[in-house]
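Structure first, commentary second.
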Number of protein chains: 2
Amino acid sequence: MPRLGMEPIRKAALVEATIAEIGRAGSLDVTVAQIARRAGVSSALAHHYFGSKEQMFLAAMRHILSLYGAEVRGALALAEGPRDRLRAVIRASFAASSFRRETIGAWLNFYVLAQTVPEVQRLLRVYQHRICSNLRAPLRALAPERAEALAEGLAAMIDGVYLREVLGQRPPDGAQAAAMVLDYLDAQLGAGSNSGDAA
Amino acid sequence: MPRLGMEPIRKAALVEATIAEIGRAGSLDVTVAQIARRAGVSSALAHHYFGSKEQMFLAAMRHILSLYGAEVRGALALAEGPRDRLRAVIRASFAASSFRRETIGAWLNFYVLAQTVPEVQRLLRVYQHRICSNLRAPLRALAPERAEALAEGLAAMIDGVYLREVLGQRPPDGAQAAAMVLDYLDAQLGAGSNSGDAA
DNA sequence: TGGTTTATTGACTCGTCAATCAATAAAAGG
DNA sequence: CCTTTTATTGATTGACGAGTCAATAAACCA
């Protein structure tokens, strides 16, 4: 009994299911049938709406990146002063909405996919570029000379902490993960807790 | 015309070919036939010696880890004093033998495989444990309180730098990569260039 | 020499899976 | 109503690939 206007609902469900299945399997070796079943539809319908498995992966990735982007924007909106902005970006990177087993697993797999699918590579580069920008701006106010290098170091560390979580036996702990990066930040800027506050 | 004693030669060639193919494809979606062809043998022979594709992946991984281990041991043998030892471990992590496109690509894919194959997970954990140990020991002599946390931070950063290389447009530059991590180290310990030298 | 071990492969089996198609059915619209 | 559009699926196709097997052949051995 086909109600109309199902397309966005189905698509959203399939995107969620894609992420969940990749997270569960821990790899991109998930069949369209598995994804579709989890979303409660037939595999034919999944193809009908997305055209191909690759498009499903891309949609899933855009979804993850957009969640993360929202998290960052939300945190930045509340931050005042460069130091606070830096902390906001870092904390947002480990917020519960992104720092979850399944999302981390999916994210790792997208790095793999980036080596094959140009559009995935493009998206990941956009993400990396954005996170660097978000870090560089406030860093310029605190340590203009080293802003560029520090931003890249922080970004690398954030990615590295994610990566280590993949093998972690215990469930991800965003607060602790963020603490490690914040610690790096303080060491680089001089722990002086607020040296650049209140723009 | 079968010469005897081929087994180790074929195995070595197949291991190399496995790494090269994974690096080329940028994923684990490589067929045994592709690997075998690159090694100059039939796919049947590959199965004959390894039993399964999974065993080939495992052998490839052990090979990569053992190259890296050798690099670290070699560097440590020449180092004197804790600070120097730290530098040695970090530099070894970006030595030319490991820090190459194909190896980096393969390494990333092994992280993915670790989510599926317990033995791969075990091997990666051994690697992580060892790198942390190698860092923690000299750190204990320089900053006993923070040794544990710093070791994990450094390890995360090393992994993160590798990860970023996956998307890098320009070919990997080990020296520059190492510099970023060494910079973090100096910031954490106080740049005083040799505070812990000459044990 | 004849038997055993090692090396090596082509051909085949058996599954799996992405993608397609044709068919069913309910709503919308005139 | 009858048509068009949207939703939905079961069944099918076509390709591809891991792993197996039986056969060939050279080397070694007694």
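When reading the values below, keep in mind they use all heavy atoms of this one structure, side chains included, and skip hydrogens, waters and symmetry mates. Chain letters run A, B, ... following the sequence lines, proteins first, then strands; residues in each count from 1. Bear in mind that the values here come from a model prediction, so they are computed numbers and not experimental data.
We find that A:Glu119 and A:Arg62 are joined by a salt bridge, their nearest charged nitrogen and carboxylate oxygen being less than 4.0 Å apart. A salt bridge does not link B:Glu102 with B:Arg24: none of the charged nitrogens is closer than 4.0 Å to a carboxylate oxygen.
Nucleic acid contact for B:Ser52: sugar-phosphate only, since backbone atoms but no base atoms lie under 4.0 Å from a heavy atom of the residue.
Between B:Phe50 and B:Leu58, the closest side-chain pair of non-hydrogen atoms is not below 4.5 Å.
Following rounding to the nearest Å, A:Glu7 (CD) and D:dA7 (P) show an atom-to-atom distance of 6 Å. Between the NE2 atom of B:His48 and the P atom of C:dT5 there is a distance of 13 Å, given to the nearest Å.
Of the candidates A:Leu45, A:Ile9, A:Val41, A:Val41 is the only one forming a side chain to side chain contact (heavy atoms under 4.5 Å, CB included) with A:Leu14.
Residue B:His47 places its side chain closer to D:dT20 than to any other of D:dT20, C:dT20, D:dT9. Here the nucleotide nearest the side chain of B:Leu45, chosen from D:dG19, C:dA7, C:dC17, is C:dA7. Listed nucleotides C:dT8, D:dT9, D:dG17 differ in distance to B:Met6; the shortest reach to its side chain belongs to C:dT8. Considering only the side chain of A:Lys53, C:dA19 comes nearest among D:dA7, C:dA19, D:dT9. Nearest nucleotide to the A:Thr31 side chain, out of C:dA18, D:dA27, D:dA18: C:dA18.
Nucleotides of DNA chain C nearest to B:Ser43 and B:Gly5 differ in position, and the one nearer the 5' end is that of B:Gly5.
Listed pair A:Tyr49 / D:dA7 meets the phosphate criterion, a side-chain N or O lying under 4.0 Å from OP1 or OP2. Contact between the side-chain N/O atoms of A:Arg10 and the OP1/OP2 oxygens of D:dT6 is not found at any separation under 4.0 Å.
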